[in-house]
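Have a look at the structure below before the remarks.
Here, residue 1 is the first one in the sequence, and each next residue gets the next number. Any value given below was found using the heavy atoms of this structure, including those in side chains, with hydrogens, waters and symmetry copies removed.
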Amino acid sequence: MTRQAATVVVHPTRQALADAAAARLAVALVDALAARDVAHVSMTGGSMGSEIVRSLAALPARDAVDWGRVHVWWGDERYLPAGDPDRNDTQNDDAGLSTLGLDPANVHRVPGPEASGSAEEAAAAYAHTVRSTGTGAFDVMVLGVGPDGHIASLFPHHPAAGTRGEIAVAVHDSPKPPPDRVSLTLECLERSREVWFLVSGADKADAVRRGVQGSPFAETPAAHVHGQERTLWLVDPDAAAELG
């Protein structure tokens, strides 16, 4: 398959970025549901991950989406108990995910320590759910990007980042807390029709430049995730500052 170059869309403000990404996601889900029985979207954590959910919850066009047919996933999760405020899914819930009308059975959460014996067990369970419930590809994979160029919990120069032949991997000794996490692998992230990088802030500008222009995987994992049909970098002016 010939990959098309990534498209960069610069939005005038952080809020405009969140609002436009939310509107784009609603349209993408409507289109996916018109083509298939269900749609699969993977969300991200961090402040922008919550902002897009908050904007989506406030979007009038949200009612155009048949949320009962939408499956929600996360690209990674902190290995913390269900409901912990530092979990990505908890933060997304608090931002309004729980108000969209999703079928709880279609919201696929990574097991925490209360439901698994280790991060490895949680990764295996999450991989099984992806394998048994997925349709071969996520419709939209929403990813944040760290200042170091990491995506999900695939960190530069971290041994877990290079995992091959697996859907999900346990991550220990994460360079940012908490130390234990579960992440989808690079191979799994790329099983997405569209990949969207949602990035705001001057501290991410160097990572955005490396991600868009290219950089070795060990240094910038974000440069190596591509959608099967489209790859978008949705950024604000601060994050785009080094693109020229």
Side-chain angles (χ1 to χ4, degrees), residues 1 3 38-46 49 71-82 84 86-89 92 105-146 148-197 207 211 215-229 231:
M1 179 185 300
R3 283 179 176 147
V38 295
H40 291 265
V41 58
S42 181
M43 303 303 292
T44 187
H71 288 251
V72 174
W73 308 81
W74 280 269
D76 73 323
E77 187 57 90
R78 289 88 182 267
Y79 188 61
L80 297 168
D84 189 287
D86 286 336
R87 281 180 62 104
N88 294 333
D89 61 355
N92 284 181
N106 294 343
V107 179
H108 304 288
R109 304 176 189 273
V110 178
E114 81 291 346
S116 60
S118 64
E120 283 76 12
E121 285 188 15
Y126 200 50
H128 174 75
T129 304
V130 172
R131 191 178 295 109
S132 61
T133 309
T135 55
F138 298 96
D139 291 289
V140 180
M141 174 67 62
V142 181
L143 294 170
V145 179
D148 60 355
H150 83 266
I151 37 88
S153 284
L154 304 181
F155 294 95
H157 305 292
H158 193 288
T163 299
R164 297 291 183 267
E166 301 290 346
I167 290 174
V169 61
V171 178
H172 300 291
D173 299 319
S174 163
K176 58 183 292 189
D180 298 321
R181 297 159 174 254
V182 171
S183 180
L184 297 181
T185 63
L186 174 66
E187 291 177 26
C188 185
L189 295 175
E190 287 213 303
R191 293 175 188 155
S192 305
R193 293 181 175 88
E194 298 197 16
V195 170
W196 301 358
F197 296 99
S215 176
F217 176 77
E219 297 176 6
T220 312
H224 294 266
V225 181
H226 306 86
Q228 296 173 358
E229 298 175 6
T231 304

Checking side chain to side chain contact (heavy atoms under 4.5 Å, CB included) for the pair Arg193/Met141: CA distance, chi angles, key distance, verdict?
CA-CA 8 Å; Arg193 293 181 175 88; Met141 174 67 62; over 6 Å; no
Looking only at heavy atoms, the pair that brings Val182 and Ala119 closest together is CG2-O, 3.6 Å
Between Leu189 and Leu154, what is the shortest heavy-atom contact and its length?
CD1-CD1, 4.0 Å
Side-chain donor or acceptor of Arg87 paired with backbone N/O of Val110 under 3.5 Å
yes
How far apart are the closest heavy atoms of Ala170 and Ala123, and which atoms are they?
N-CB, 3.8 Å
Sidechain-backbone polar pair: Ser174 side chain, Lys176 backbone, donor-acceptor under 3.5 Å
yes
Should Glu166 and Glu187 count as side-chain neighbours, where that means a heavy-atom distance under 4.5 Å?
no
Would you confirm whether Arg109, through its side chain, and Val107, through its main-chain N or O, come within 3.5 Å as a donor-acceptor pair?
no
For residues Glu77 and Asp89, determine if any side-chain heavy atom of one lies less than 4.5 Å from a side-chain heavy atom of the other.
yes
Separation of Arg191 CZ from Ile167 CD1 (nearest 0.5 Å):
5.5 Å
Measure the spacing between CG of Leu143 and NE2 of His150 and express it to the nearest 0.5 Å.
10.0 Å
In terms of heavy-atom contacts, Arg164 and Leu186 come closest through NH2-CD2, 4.0 Å
Side chain to side chain, Asp84 and Arg78, heavy atoms closer than 4.5 Å:
no
Quick check: closest heavy atoms across Val142 and Thr44, and the distance to 0.1 Å?
O-CB, 3.4 Å
Whether the side chain of Glu229 engages the backbone of Glu194 through a donor-acceptor N/O pair (distance < 3.5 Å, no angle test) should be reported.
no
Is His157 close to Glu219 at the side-chain level, that is, under 4.5 Å between some pair of heavy atoms?
yes
Taking atom NE2 as the centre, does His128 end up with more than 12 heavy-atom neighbours from other residues, nucleotides or ligands that are less than 6.0 angstrom away?
no
Quick check: closest heavy atoms across Asp76 and Ser153, and the distance to 0.1 Å?
OD2-OG, 2.6 Å
Would you indicate whether the side-chain heavy atoms of Pro178 and Leu80 approach each other to under 4.5 Å?
yes
Has the side chain of Tyr126 got a donor or acceptor atom that lies under 3.5 Å from a matching backbone atom of Trp74?
yes
I'd like to know if the side chain of Ser215 and the backbone of Gly211 have a donor-acceptor N/O pair within less than 3.5 Å.
no
So His108 and Val130, do their side chains get closer than 4.5 Å, heavy atoms only?
no
Would you call the rings of Phe138 and His40 parallel, tilted or perpendicular, where under 30° means parallel and over 60° means perpendicular?
perpendicular
With rounding to the nearest 0.5 Å, note down the distance linking OG in Ser192 to CG in Leu184.
8.5 Å
Could you tell me how the ring of Trp73 sits relative to the ring of His71: parallel (under 30°), tilted (30 to 60°) or perpendicular (over 60°)?
parallel
Test your reading of the model: is there a side-chain donor-acceptor pair from Asp148 to the backbone of Pro156, 3.5 Å cut-off?
no
Using modelled atom types only, decide if a donor and an acceptor are shared between the side chain of Ser118 and the backbone of Glu121 within a distance under 3.5 Å.
yes
